[in-house]
Amino acid sequence: MRGEPELRRLFDNEAGVLRRFLRRFGARVSPEDIAQDSFLRLCAADATQIVSPRAFLFQTAKNMAVDSLRRHKAAPYRAVASIDLVPAAAHAPSAEDHCIAVEEAAAVRAAIAALPDLERKALLMRRVELLPPAEVAAALCVSERQVQRLVLKAIAFCHARLTADDGGAPAP
C-alpha cells in the first residue's frame, strides 16, 4: 500500500464485501470486528511485502475467523444480557460443602446455646444484631466495659468449644 488514499479507497470498495464474506462463517464470528481487525493488520503490515492488499485482507480475515471458531469450540461461552440471569447453580456449593456448612452451623448454635445467659445475650446483641455497646449495656443493665468483657468471654468460650478435639466439650 502506498498511502492513506489507497487504503481509504480499498476500505470503501471492500469493507462491505469482506463483512458479507465473513458472515459465511456463522453466528459465532463477528464480521464487523474481524473486518476492522483485518484492516488494522493491513495498515500495520510492511507495504513492501504485500503484493495484493485485497488478497492479504481477505486471507487475514479468513484466518481470524477460523481462529475465532477454534477458540469458541475450545472454550464455549454464552453471552447474557445481565449477570442476574446466570443460573444460580453456577455459584451453588457442592453437596459436600453444603453438608459441612450445615454441621458447622449446628455446632455454632450449640456453642452459643451453652453460653451463660448474660454472655449469650451480649454476644448476640453485639455481633448478630450489630447494636452499639451503649445500647447493649442499657439493655443488659451493665457498663459498656462489661459488655466488652462479656462478648470477649463468649467468643473465647465458643472458640474453645468449636476447636475441641473431643467433639463438643470445652478445650482446657
Side-chain angles (χ1 to χ4, degrees), residues 11 15 18-19 22-23 25-45 60-172:
F11 180 82
L18 184 60
R19 284 192 297 268
L22 289 168
R23 285 190 190 104
F25 289 94
R28 298 186 195 278
V29 172
S30 173
E32 291 78 16
D33 290 343
I34 292 178
Q36 181 178 0
D37 289 344
S38 299
F39 275 101
L40 288 174
R41 288 189 184 187
L42 177 62
C43 291
T60 301
K62 177 185 171 198
N63 291 345
M64 291 173 72
V66 169
D67 288 346
S68 177
L69 289 172
R70 283 186 190 139
R71 265 192 316 277
H72 183 75
K73 186 176 180 181
Y77 68 92
R78 289 184 301 131
V80 293
S82 170
I83 193 69
D84 296 331
L85 300 177
V86 176
H91 305 291
S94 68
E96 181 183 9
D97 291 339
H98 176 72
C99 288
I100 290 170
V102 167
E103 288 175 3
E104 288 176 350
V108 169
R109 279 193 294 277
I112 291 172
L115 284 168
D117 191 44
L118 197 58
E119 289 177 17
R120 183 175 58 254
K121 287 179 182 178
L123 177 68
L124 293 175
M125 291 173 85
R126 277 294 290 136
R127 297 300 173 108
V128 177
E129 297 175 27
L130 301 174
L131 295 176
E135 286 185 35
V136 176
L140 299 178
C141 300
V142 296
S143 68
E144 288 185 43
R145 179 73 179 134
Q146 185 63 23
V147 168
Q148 187 177 19
R149 287 186 192 122
L150 289 169
V151 171
L152 289 174
K153 193 172 176 184
I155 291 172
F157 176 86
C158 290
H159 180 267
R161 180 101 181 210
L162 294 170
T163 57
D165 289 337
D166 57 352

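Sequential numbering from 1 along the given sequence is applied to the chain's residues.
In plain terms, the two heavy atoms of Pro31 and Leu22 that are nearest each other are O-CD1, 3.5 Å. Shortest non-hydrogen contact noted between Val136 and Ala122 is CG1-CA, 4.3 Å. Nearest heavy-atom pair, Pro133 versus Val147, reported as atom, atom and distance to 0.1 Å: O-CG2, 4.2 Å.
Note that CD of Glu144 and CD of Glu135 are 10.5 Å apart. Values are rounded to the nearest 0.5 Å. With values rounded to the nearest 0.5 angstrom, Leu118 atom CG is found 12.5 Å from Arg149 atom CZ.
The shortest distance between side-chain heavy atoms of Thr60 and Leu42 does not fall below 4.5 Å. Using a 4.5 Å cut-off on side-chain heavy atoms (C-beta onward), Phe25 and Ile34 make no contact.
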What side-chain donor-acceptor pairs closer than 3.5 Å can you find for residues 94-115, not counting sequence neighbours?
unit_1, atom_1, unit_2, atom_2, d
Ser94, OG, Asp97, N, 3.1
Ser94, OG, Asp97, OD2, 3.2

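A donor-acceptor pair under 3.5 Å is absent between the side-chain atoms of Ser68 and the main chain of Met64, judged by distance alone.
Considering Leu124, Val151, Leu150 in turn, Leu150 is the only one that fulfils the side chain to side chain contact (heavy atoms under 4.5 Å, CB included) rule with Glu119.
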Point to revise | Intermediate values then yes/no, side chain to side chain contact (heavy atoms under 4.5 Å, CB included), Arg19 and Arg23 | key: CA-CA 6 Å; Arg19 284 192 297 268; Arg23 285 190 190 104; 4.3 Å; yes
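In this structure, Glu32 has no side chain to side chain donor-acceptor pair (under 3.5 Å) partners at least two apart in sequence or on a different chain.
Residue pairs meeting the side-chain hydrogen bond (donor to acceptor under 3.5 Å, both in side chains) criterion with at least one partner in residues 120-132, sequence neighbours excluded, are Asp117-Arg120, Asp117-Lys121.
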